[in-house]
Trainee: 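Dropping a structure here in structure tokens format, bear with me for questions.
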Amino acid sequence: MNENDPSLPSAELTGFVHEWPASRVVFGPGLISVAAREASRYGDRIAVIHDPTAQSAADRLTADAAGGVCARVGEVVQHVPVHAVDKAVTTIRDARAGVLVCIGGGSATGLAKGVARKLGLPLVAIPTTYAGSEMTSIWGMTQDGKKTTGRATAVRPRTVVYDPELTLDLPAEISVTSGINAIAHCVEALYAHDASPLTRLTAAEGIRSMARALPTILERPREVSARSFALRGAWLSGWSLEVATTGLHHKLCHVLGGLLDLPHSPLHTVLLPYTVAHLAPAAVTDTQAVLESLGITGPVSDAGGLIWDLHRLLAAPTALAGIGMREADVDVAVVAASAVLADLPLPPRPVTASDLRDLIRAAFDGNRPAST
């Protein structure tokens with residue numbers, strides 16, 4: 001018996017509080033066919049927000065909706081700018097919508113949450129990537145280079161429809177970074193100080209599902225079984241993110257993403273090995289659970305490097321310089337991150353301004369994280 005198995009209770013079982021999130025999940029190939037009916041559970045005038053890549057799925061929902069669709073918003077921008085939310089709010093309010101449906105990745109979901117938060121509309125989400133945000137009450141918007149986030153029960157989708165067939169055309173390289181973004185949600189849930197036993201089980205299983213799916217998606221991107229496991233991992237990752245607090249990794253991604261307008265899932269992908277390398281010495285058992293769930297054998301002291309190695313095998317980006325960050329941005333990013341994060345009580349290990357400088361510099365260069 002392996003005492004580090006995340007499916008087993010730890011040697012010391014501490015107290016916890018667990019609240020079950022109230023989202024209905026409909027999962028299976030071809031279930032875009034029931035999306036309009038799911039939306040009609042909450043209202044009879046449907047407004048749709050969708051990625052440009054989700055045009056055909058939006059067309060299908062529009063055709064299936066008994067009362068038609070009263071408004072469609074097909075302009076989606078990453079990091080959810082405030083002006084984009086305001087524009088969509090005006091369109092959907094003027095259409096007198098009674099229920100909101102979003103189809104697409106995290107940016108489409110984020111825009112829809114911004115609208116739902118302002119208008120109080122029930123939301124149905126149909127994800128086409130592995131962001132996981134469709135399972136959460138977390139909202140975020142960006143203005144003047146600063147990303148503001150919060151939690152509100154009103155923005156958590158009432159129903160989430162997971163149809164793996166909608167992800168078959170998602171390019172393999174985007175699938176990989178989107179999948180690693182989901183893994184990052186699970187990693188932070190395992191590190192979270194308020195994670196319950198059920199959260200830990202769910203997060204570990206989310207990592208296992210995604211780790212199983214991604215190599216196959218690279219080889220056979222239109223295999224429905226692999227896409228199903230990836231969406232399963234995304235569902236579990238979003239659930240984990242909803243019931244546990246975020247830490248260093250997500251907070252740093254929010255700072256750099258909002259400040260520098262870096263692509264969301266590649267940013268999470270690049271930073272994950274470096275944030276794990278920083279946190280691992282203070283969370284040996286949890287880090288071992290991360291490695292085992294990923295199917296990685298190796299010492300916890302080299303966890304960041306081992307995850308970096310895996311990302312290389314998956315042809316994922318490993319340097320901030322490779323995803324749009326410039327040398328001139330490094331000092332600006334360090335100052336901004338230090339102002340927000342330095343010396344905060346971020347379990348399992350606080351981060352100093354010096355730590356942030358070293359972490360951001362290493363991630364910019366893309367060097368393999370050193371053993372701790």
Side-chain angles (χ1 to χ4, degrees), residues 20-26 31-52 54-55 57-129 131-143 147-163 166 235 238-239 241-242:
W20 198 278
S23 292
R24 173 180 167 88
V25 173
V26 180
L31 288 184
I32 184 64
S33 63
V34 306
R37 186 165 71 244
E38 287 295 324
S40 69
R41 294 164 62 94
Y42 310 109
D44 58 4
R45 291 181 62 79
I46 299 172
V48 179
I49 292 175
H50 63 88
D51 285 341
Q55 179 82 34
D59 290 345
R60 171 66 187 273
L61 185 141
T62 299
D64 290 344
V69 167
C70 65
R72 282 177 61 162
V73 175
E75 297 179 14
V76 174
V77 183
Q78 70 172 358
H79 302 304
V80 194
V82 169
H83 67 81
V85 174
D86 291 341
K87 182 178 179 180
V89 163
T90 298
T91 298
I92 292 168
R93 179 192 289 128
D94 290 349
R96 295 180 292 110
V99 60
L100 184 58
V101 176
C102 60
I103 310 175
S107 296
T109 304
L111 177 58
K113 285 181 173 182
V115 174
R117 179 169 170 259
K118 291 202 170 188
L119 297 182
L121 292 176
L123 176 60
V124 172
I126 308 169
T128 61
T129 67
S133 59
E134 66 279 353
M135 286 299 298
T136 78
S137 59
I138 301 170
W139 59 268
M141 293 187 288
T142 304
Q143 186 171 32
K147 188 165 188 175
T148 301
T149 63
R151 289 181 182 259
T153 302
V155 309
R156 185 196 300 128
R158 305 284 186 89
T159 295
V160 182
V161 179
Y162 287 103
D163 183 346
L166 299 182
W235 165 46
W239 190 94
L241 185 64
E242 171 66 350

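The figures here come from the full heavy-atom set of this structure, side chains too, leaving out hydrogens, waters and symmetry mates.
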Trainee: Looking only at heavy atoms, what is the nearest atom pair of Asp51 and Ala108, with distance?
Mentor: OD1-CB, 3.4 Å
Trainee: Return the CD1 to CD1 distance between Ile126 and Ile103, rounded to the nearest 0.5 Å.
Mentor: 4.0 Å
Trainee: Hey, can you pull the donor-acceptor pairs under 3.5 Å for the side chains in residues 132-142, sequence neighbours left out?
Mentor:
from, atom 1, to, atom 2, distance (Å)
Glu134, OE1, Gly132, N, 3.3
Glu134, OE2, Tyr162, OH, 2.7
Thr136, OG1, Lys113, NZ, 2.8
Thr136, OG1, Ser133, O, 3.2
Thr136, OG1, Ile138, N, 3.2
Ser137, OG, Glu242, OE1, 3.1
Ser137, OG, Glu242, OE2, 3.0
Thr142, OG1, His79, O, 2.7

Trainee: Salt bridge (Lys or Arg N to Asp or Glu O under 4.0 Å) with Asp44: which residues, sequence neighbours excluded?
Mentor: none
Trainee: Answer yes or no: are there more than 12 heavy-atom neighbours, outside Lys147 itself, under 6.0 Å from its atom NZ?
Mentor: yes
Trainee: Does atom CZ of Arg41 have more than 12 heavy-atom neighbours from other groups under 6.0 Å away?
Mentor: yes
Trainee: Closer than 3.5 angstrom, by distance alone: can the side chain of Asp163 be matched with the main-chain N or O of Ile32 as a donor-acceptor pair?
Mentor: yes
Trainee: Taking the side chain as every heavy atom from C-beta outward, state whether Leu119 and Arg93 have any pair of such atoms under 4.5 Å apart.
Mentor: yes
Trainee: Please report the interatomic distance SG(Cys70) to CD1(Ile46), rounded to the nearest 0.5 Å.
Mentor: 8.0 Å
Trainee: How far apart are the closest heavy atoms of Ala116 and Ala154, and which atoms are they?
Mentor: CB-O, 4.4 Å
Trainee: Between Ala112 and Cys102, what is the shortest heavy-atom contact and its length?
Mentor: CB-CB, 3.5 Å
Trainee: Would you say Pro127 and Thr109 make side-chain contact, with heavy atoms under 4.5 Å?
Mentor: no
Trainee: State whether Glu38 and Arg158 are salt-bridged, where the test is any N-O pair (Lys NZ or Arg NE/NH1/NH2 against Asp/Glu carboxylate O) under 4.0 Å.
Mentor: no
Trainee: Could you check whether any side-chain heavy atom of Ile49 comes within less than 4.5 Å of a side-chain heavy atom of Ile92, counting everything from C-beta outward?
Mentor: yes
Trainee: Who are the salt bridge (Lys or Arg N to Asp or Glu O under 4.0 Å) partners of Arg45, not counting sequence neighbours?
Mentor: none
Trainee: So, taking the atom named CD in Gln143 and the one named OG1 in Thr148, what distance separates them when rounded to the nearest 0.5 Å?
Mentor: 8.0 Å
Trainee: Once you round to the nearest 0.5 Å, how far does CG of Leu166 lie from OG1 of Thr129?
Mentor: 11.5 Å
Trainee: For residues Val48 and Leu61, determine if any side-chain heavy atom of one lies less than 4.5 Å from a side-chain heavy atom of the other.
Mentor: yes
Trainee: For the OG1 atom of Thr90 and the NZ atom of Lys118, what is their distance to the nearest 0.5 Å?
Mentor: 9.0 Å
Trainee: Where do Arg60 and Ser33 come nearest, in terms of heavy atoms and distance?
Mentor: NH2-CB, 3.1 Å
Trainee: Which heavy atom of Val99 sits nearest a heavy atom of Ala39, and at what distance?
Mentor: CG2-O, 3.8 Å
Trainee: Drop me the distance from Glu75's CD to Thr91's OG1, to the nearest 0.5 angstrom.
Mentor: 9.0 Å
Trainee: Is any side-chain heavy atom of Tyr42 closer than 4.5 Å to a side-chain heavy atom of Leu100?
Mentor: no
Trainee: Any side-chain donor-acceptor pair under 3.5 Å between Thr62 and Arg72?
Mentor: yes
Trainee: So, do Val85 and Leu111 sit near enough that their side-chain heavy atoms are less than 4.5 Å apart?
Mentor: yes
Trainee: With a 4.5 Å cut-off on side-chain heavy atoms, are Arg24 and Val26 touching?
Mentor: yes
